Structure formats: C-alpha cells, structure tokens
Visitor: 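Dumping the structure here so I can ask a few things about it.
None of the values given here were measured: they were computed from a predicted structure. Side-chain atoms are counted along with the backbone in the values below, which use heavy atoms only and exclude waters and symmetry mates. Residue indices begin at 1 and follow the sequence shown.
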Amino acid sequence: MSTFTLPGSRTRVNTTPDLSQDDLLSFPAFKVWISTLQRSLARQQSPSHEFHGDPYILRTIDIQAVDRFGGSRLGFIKLKADVSNARGESLPGSVFLRGGSVGMLLILQPDDIPTSQENGKWAILTIQPRLPAGSLAFAEIPAGMLDDHGTFAGGAAKEIQEETGLLVQENELIDMTALALQSVPEGSEDEALQKAVYPSAGGSDEFIPLFLCQKRMPRKEIEALQGKLTGEREHGEKITLKVVPLEKLWKEGLRDGKTLAAWALYQGLLQEGKI
C-alpha cells in the first residue's frame, strides 16, 4: 500500500499496489466524486449551514479494491472515506465508484394513430441478466455506462442502437432530468450534483441522466421488436426486447429504479406541458 496527499488538500489517500496516484487522479468517476464532495463540504463555511459550528472534514481515503475492464482500463473502485468533525462524529463513507450511466425511455407510437394521442403508445424494456441482483431476466429500460470520451446524449443514442437495433440521432433525444431541474426554485439546488438521478446514493456514486426518445413507426415494425435478441452478445450482453403498453410500464419495470424514475419524469413533464 502506498500513501499520498490529495493535491490542494490535507486529505491522505492510501491506495493499493495495483492503483497508482496518477491512475486514481485521472479516473473520471473519482474526479467527479471528489470535486462534488469538496464543494459540498465547502458549503459548511456558510453560517446558515447545519454543520457550520462543527464542520465535517475529509480526512482520509482508503482504496480497498479495484476492477479493470479488459485487464487494463480502470472500471470500478471500492473505497472508504473518513469524513468526520472535531467531536469524532463520522458520516457513512463506504463508496463504490463507477461513474455516470445513461438511461433511455424509448416510446414507440404506431403511425396509424394521431400524434397527440397518448393511448396506444408502447415502451421498450430490455430483459437481461443482472448478476448483482441475482437475476438472469431483469426488466429495465435501455441503459449503459457512459463512455469516458462521449456526451450523455451520444451515449444514450449509442445504447439505444446497441440494445434495440434502432438508429436514433442525438437531436431526437430529450434530457428529461435536465428539463425537470429547470423547474427547481433558484437557490434550492446549491450542491454541485449532476443533472441526473442517483439510484443508490447510500453506497454508490452512480448518476443517471434519463433521456426520452419518441418515434413513430409502422405497427408491424413495433410488433417485430417483441422478443428480439439484441446486445453485443459476443461481449456478454444477452438482451431480449419486451414491448409493453406505455401505461403499464411502471408495473412491468417496477423493480428497476431508473425505469420508475423515467416514468415519473415523463408523466410530470407531460402534465406541465414541457414534452
């Protein structure tokens, strides 16, 4: 184990032999997480902050485990952060770093019904193994990890094509999370969080912007997607498509947090006339 001080701070970092200082500091997930946390801790300087009288400080970061993709590219990091105040009171600090993902609510409307009609729309779910959940047939909206060098919208368009076979342009996508945040009152969102939902903020940094794509298609083409096998199967993606009535999406995908969040955002934005 090697130790170094986080640049620009007094935070001590204890890292494993297979993770260098340069690798950690250049890892996108770590950079987003540490900058967000530091900005939130800095807010304690305000006299109105709840913790102003005895502020919490990030004292140490212990790297516990590292996973690499393909044996070389840094993928996941498990760490423990010691964030405590002068009285020795600590905040829960176990963190699984994996970075940003994207989720897509893909709505298909048969082209034989009026564009303004909600009844008759369909949504696409992917059915695939999710070993962390202990499942070989987990139902969720199309989603995937964000490429380090891509945009969120570009990542969403890429995942739609990979997981459904449908070609979608970036300009066809609506970022529902960003659109919904425009309604948040000014000053109530002071922390530098991502414009995304956090599905497991108690243990993971993962954040997911949720996009909407609505396409009109011939009814036969929509029906042909039912049960279609997709995904990069040579890389372990074993995906089967399930097309469900839009009004039943919340039931069909109720175990998946991002599916329910996408459903709620769509309904809320629709009621406010923003989509």
Visitor: Establish, from distance only, whether the side-chain atoms of T16 and D18 form a donor-acceptor pair under 3.5 Å.
Guide: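 Indeed, the side chains of T16 and D18 share at least one donor-acceptor pair under 3.5 Å.
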
Visitor: Do side-chain atoms of T11 reach the backbone of L58 as a donor and acceptor pair under 3.5 angstrom?
Guide: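 Side chain of T11 to backbone of L58: a pair is present.
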
Visitor: Can you check whether I113's main-chain N or O pairs, donor with acceptor, with R216's side chain at less than 3.5 Å?
Guide: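 Judged by distance alone, yes, a pair lies under 3.5 Å.
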
Visitor: State, with a plain yes or no, whether a side-chain heavy atom of T36 is found less than 4.5 Å away from one of F207.
Guide: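 In short, these two side chains do not touch, never coming nearer than 4.5 Å.
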
Visitor: After noting the C-alpha distance and the side-chain angles of D256 and R130, does the key distance pass the salt bridge (Lys or Arg N to Asp or Glu O under 4.0 Å) rule?
Guide: CA-CA 11 Å; D256 180 51; R130 290 300 193 191; over 6 Å; no

Visitor: Side chains of E206 and S101: any donor to acceptor distance under 3.5 Å?
Guide: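 Looking only at side-chain atoms, E206 and S101 do form a donor-acceptor pair, the distance falling under 3.5 Å.
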
Visitor: So, S204 versus R98: side-chain donor-acceptor pair below 3.5 Å or not?
Guide: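 No donor-acceptor contact under 3.5 Å links the two side chains.
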
Visitor: With a cut-off of 6.0 Å (strictly less than), are more than 12 heavy atoms of other residues, nucleotides or ligands near CD of Q117?
Guide: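 Atom CD in Q117 is crowded, with more than 12 foreign heavy atoms closer than 6.0 Å.
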
Visitor: Taking E140 for its side chain and G103 for its backbone only, find out whether a donor-acceptor pair lies under 3.5 Å.
Guide: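 The answer is no, because no donor-acceptor pair under 3.5 Å joins these two groups.
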
Visitor: Tell me if the NZ atom of K195 is crowded by more than 12 foreign heavy atoms within 6.0 Å.
Guide: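 No, NZ of K195 has 12 or fewer neighbouring heavy atoms, counting only those of other groups under 6.0 Å.
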
Visitor: Determine the sole option in L246, I222, T115 for which the side-chain contact (heavy atoms from CB on, under 4.5 Å) test with Q109 is passed.
Guide: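 Among the candidates, only T115 passes.
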
Visitor: Could you tell me whether K274 atom NZ has more than 12 heavy atoms of other residues or ligands within 6.0 Å of it?
Guide: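 Counting other residues, nucleotides and ligands, NZ of K274 exceeds 12 neighbours.
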
